[in-house]
Protein chains: 2
Amino acid sequence: MQDVFQALASPVRRAIIKMLRSRDMTAGDIADALTISKPTLSGHFNVLKAANLVHQRREGTTIIYGLNTSVMEDLLADFLDLMGKEDARGQEEIQP
Amino acid sequence: MQDVFQALASPVRRAIIKMLRSRDMTAGDIADALTISKPTLSGHFNVLKAANLVHQRREGTTIIYGLNTSVMEDLLADFLDLMGKEDARGQEEIQP
DNA sequence: TCATTATTTTGGTATTTTGCGAAATAACGA
DNA sequence: TCGTTATTTCGCAAAATACCAAAATAATGA
């Protein structure tokens, strides 16, 4: 879970996450939306993948990124734990 | 708010936050609980203070740190926003 | 097979972060 | 005022991160 907090530390990566919330996007789409080079963006994707926050699939010559919604849910649970709150189900978490 | 995400990126700082949830503690208490030097810990406190996540008060020769609960609440709101969830007040975010 | 498009990997530099020991600061009590 | 305790600031090195241009890879279609 360390990887996830690390992934969220960058404003660029949080912007990527926000964009992917509305729809899956190609690396190029995201590079156009952000003023950042493609190699740099590719590095950010590696961080997001390491945190398991996004998945990718190839379609022809393009690669399409999407959000791993379930991991985001897990992240919320961890986050609430950090804050000392119960999660939505009222359970105490069992650490995976 | 960038500072807050940055502050959460370090496992050491998240450990500090967790400890401060249960009670206010002196810098020395926390240094004893974590295997980390006091100068290094002091640096982490500066990051937490910059993010406004903790407050400090002096009591004699010791300095006591405590969690800024309201900022943690704000952080939760930002976090839910990042995930595209409504916050406790039922507001929708405006997409940037 | 060759050219084209989309993306990643490589290689390099600059910046930031993390860590420590030594010295400085602050408050106290004798 | 001096010594003690608690903590921070300073100075510096090591490690991690972010960034880009150039080269490499992958898929496609002519």
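Predicted, not measured: the structure shown is a model, and the values here were computed from it. In what follows, every chain begins at residue 1, and chains take the letters A, B, ... in the order their sequences are listed.
Using modelled atom types, one side-chain atom of Arg13(B) and one backbone atom of Ala7(B) make a donor-acceptor pair closer than 3.5 Å.
Between Leu8(A) atom CG and Gln6(A) atom CD the span is 9.5 Å, to the nearest 0.5 Å. Here the CG-CG distance, from Asp74(A) to Asn52(A), works out to 9.0 Å after rounding to the nearest 0.5 Å. Distance CD1/Ile17(B) to CE/Met72(B): 5.0 Å, rounded to 0.5 Å.
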Enumerate donor-acceptor pairs with a distance under 3.5 Å from any side-chain N or O in residues 32-41 of chain B to protein atoms, sequence neighbours excluded.
| residue | atom | partner | partner atom | Å |
| --- | --- | --- | --- | --- |
| Ser37(B) | OG | Thr40(B) | N | 3.3 |
| Ser37(B) | OG | Thr40(B) | OG1 | 2.9 |

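Take the nearest nucleotide of DNA chain D for Glu59(A) and for Val47(A): the residue whose nucleotide is more 5' is Val47(A). Nearer the 5' end of DNA chain C, as judged by each residue's closest nucleotide, is the contact made by Gln6(B), out of Gln6(B) and Ser37(B).
Under the rule for a salt bridge (charged side-chain N to carboxylate O under 4.0 Å, His left out), the partners of Asp24(A) that lie at least two apart in sequence or sit in another chain are Arg57(A).
Residue pairs meeting the ring pair (Phe, Tyr, Trp, His ring centres under 6.0 Å) criterion with at least one partner in residues 22-46 of chain B, sequence neighbours excluded, are Phe45(B)-Tyr65(B). Within the structure, no pair that satisfies the ring pair (Phe, Tyr, Trp, His ring centres under 6.0 Å) test touches residues 12-36 of chain A, not counting sequence neighbours.
The side chain of His44(A) contributes no N or O atom lying less than 4.0 Å from OP1 or OP2 of dT17(D).
On the nucleic acid side, DNA chain C contacts chain A at distances under 4.0 Å to non-hydrogen atoms, with the end points of that region at dT5(C) to dT9(C).
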Fill in the blank from the handout: B/S/- along nucleotides 5-13 of chain D (protein heavy atoms under 4.0 Å) is BSBBB----

